[in-house]
Amino acid sequence: MEFYVGEAVRAGGPVVELGVGTGRIAIPTAAAGIRVIGVDSSAGMLEVCTEQARRAGLAELLDLRHGDLRDPPVEERVGLVTCPFRAYLHLDSDEARLHALRAAYGLLVPGGALVFDVFAPGADDIADTHARWLEREPGIYERADWDTSARTLTLSVRGPDGETTMTLHWVEPSRWQALLAEAGFDVEAVYGWFDRRPFTGGEDAVFVARRP
């Protein structure tokens, strides 16, 4: 995703990516010449990322580590930490969110930034997708089961290789701002999308928060 690659190029390496997954952002970032320390709790995804990086000739620029984004196995201090693809929505409480934000804060040098994206669904999105299998890509189907009382999304994905289910937990952007402040960050920007349009409400929010 160009937004995150651009942030990494501006910051310079190394950068830490929490929830690196299969390398959809880390590999393009490495291709731009930036060293990436990638953390993920899924050993299987890290294996895929390792192979993708090897095929791209970028293995030397990716340092992949198995671990939790609430306690990342990173001793280095960097100028940029990212948590893309709404990975913080896997955290199920304010306590867990604050723990993760403080962990990210601890990885940053003074002046360094944490960049991440989250969402809080609108009523229209819930009405349009609730309990329905929708084809998102050829042969790939998603089903969203929303619980607005618990603020959870149970997301099921079905494809040729089988089916997987995950539960995501959302809070409003104002709550993320409060948690960032509690963790010690200064919120530099909140965007409504990756084109840097200002956040004026809506489902998506992209945060840039800086360690003083």
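Counting begins at 1 with the first residue of the sequence. Because only heavy atoms are used, hydrogens play no part in the values below, and waters and symmetry mates are left out as well, while side chains stay in. Here the structure is a predicted model, which is why all the values come from computation and not from measurement.
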| request: Anything under 30° is parallel, anything over 60° is perpendicular, the rest tilted; go ahead and classify Trp170 against Trp146. | output: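 Trp170 and Trp146: perpendicular rings.
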
Side-chain ([X]) to main-chain ([Y]) donor-acceptor, under 3.5 angstrom:
X: Arg211; Y: Gly79; result: no
X: His66; Y: Ser41; result: yes
X: Glu203; Y: Phe119; result: no
X: Arg65; Y: Pro73; result: yes
X: Asp117; Y: Arg86; result: yes
X: Arg77; Y: Glu75; result: yes

Report yes if the side chains of [X] and [Y] come closer than 4.5 Å at any heavy-atom pair, otherwise no.
X: Tyr141; Y: Glu163; value: no
X: Tyr4; Y: Phe194; value: yes
X: His169; Y: Thr152; value: yes
X: Leu69; Y: Cys83; value: yes
X: Leu101; Y: Tyr88; value: yes
X: Leu114; Y: Leu180; value: yes
X: Phe3; Y: Val115; value: yes
X: Arg143; Y: Leu155; value: no

Got a second to check how far [X]'s [atom1] is from [Y]'s [atom2], nearest 0.5 Å?
X: Arg158; Y: Thr164; atom1: CZ; atom2: OG1; result: 12.5 Å
X: His130; Y: Asp147; atom1: NE2; atom2: CG; result: 8.5 Å
X: Ile126; Y: Asp145; atom1: CD1; atom2: CG; result: 11.5 Å
X: Ile140; Y: Asp161; atom1: CD1; atom2: CG; result: 7.5 Å
X: Asp94; Y: Leu179; atom1: CG; atom2: CG; result: 4.5 Å
X: Asp40; Y: Asp68; atom1: CG; atom2: CG; result: 9.5 Å

same_hphob_cluster([X], [Y]) at 4.5 Å side-chain heavy-atom cutoff:
X: Trp193; Y: Phe199; result: no
X: Leu62; Y: Leu107; result: no
X: Leu46; Y: Val74; result: no
X: Val118; Y: Leu98; result: yes
X: Val157; Y: Met45; result: no

Closest approach of [X] to [Y] (non-hydrogen atoms, all atoms of both residues):
X: Arg97; Y: Asp92; value: NH2-C, 4.0 Å
X: Asp128; Y: Leu134; value: O-CD1, 4.4 Å
X: Gly111; Y: Arg210; value: O-NH1, 2.6 Å
X: Leu108; Y: Ala113; value: CD2-O, 3.4 Å
X: Phe207; Y: Val187; value: CD2-CG1, 4.4 Å
X: Ala205; Y: Val190; value: CB-CG1, 4.3 Å

Taking distance alone, no hydrogens or angles, what donor-acceptor pairs closer than 3.5 Å link side-chain atoms of residues 10-35 to residues at least two apart or in another chain?
{"residue": "Arg10", "atom": "NH2", "partner": "Glu7", "partner atom": "OE2", "Å": "3.0"}
{"residue": "Glu17", "atom": "OE1", "partner": "Ala26", "partner atom": "N", "Å": "3.3"}
{"residue": "Thr29", "atom": "OG1", "partner": "Ile25", "partner atom": "O", "Å": "2.8"}
{"residue": "Arg35", "atom": "NH2", "partner": "Asp63", "partner atom": "OD2", "Å": "3.3"}

| message | Counting only heavy atoms not in Glu135 (residues, nucleotides, ligands), do more than 12 fall under 6.0 Å from its CD? | response |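 Yes, because the 6.0 Å sphere around CD of Glu135 holds more than 12 heavy atoms from other groups.
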
| said: Under the criterion side-chain contact (heavy atoms from CB on, under 4.5 Å), I'd like the reasoning laid out for Val208 against Tyr191: C-alpha separation, chi angles, the key distance, then a yes or no. | reply: CA-CA 8 Å; Val208 178; Tyr191 301 119; 3.9 Å; yes

| message | So, using ring pair (Phe, Tyr, Trp, His ring centres under 6.0 Å) as the criterion, who are the partners of Phe185 when residues are at least two apart? | response |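 Ring pair (Phe, Tyr, Trp, His ring centres under 6.0 Å) check on Phe185 returns Tyr105.
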
| said: What I want to find out is whether Glu172 reaches Arg175 closely enough, with some N-O distance under 4.0 Å, to be called a salt bridge. | reply: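 Answer for the salt bridge query: no.
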
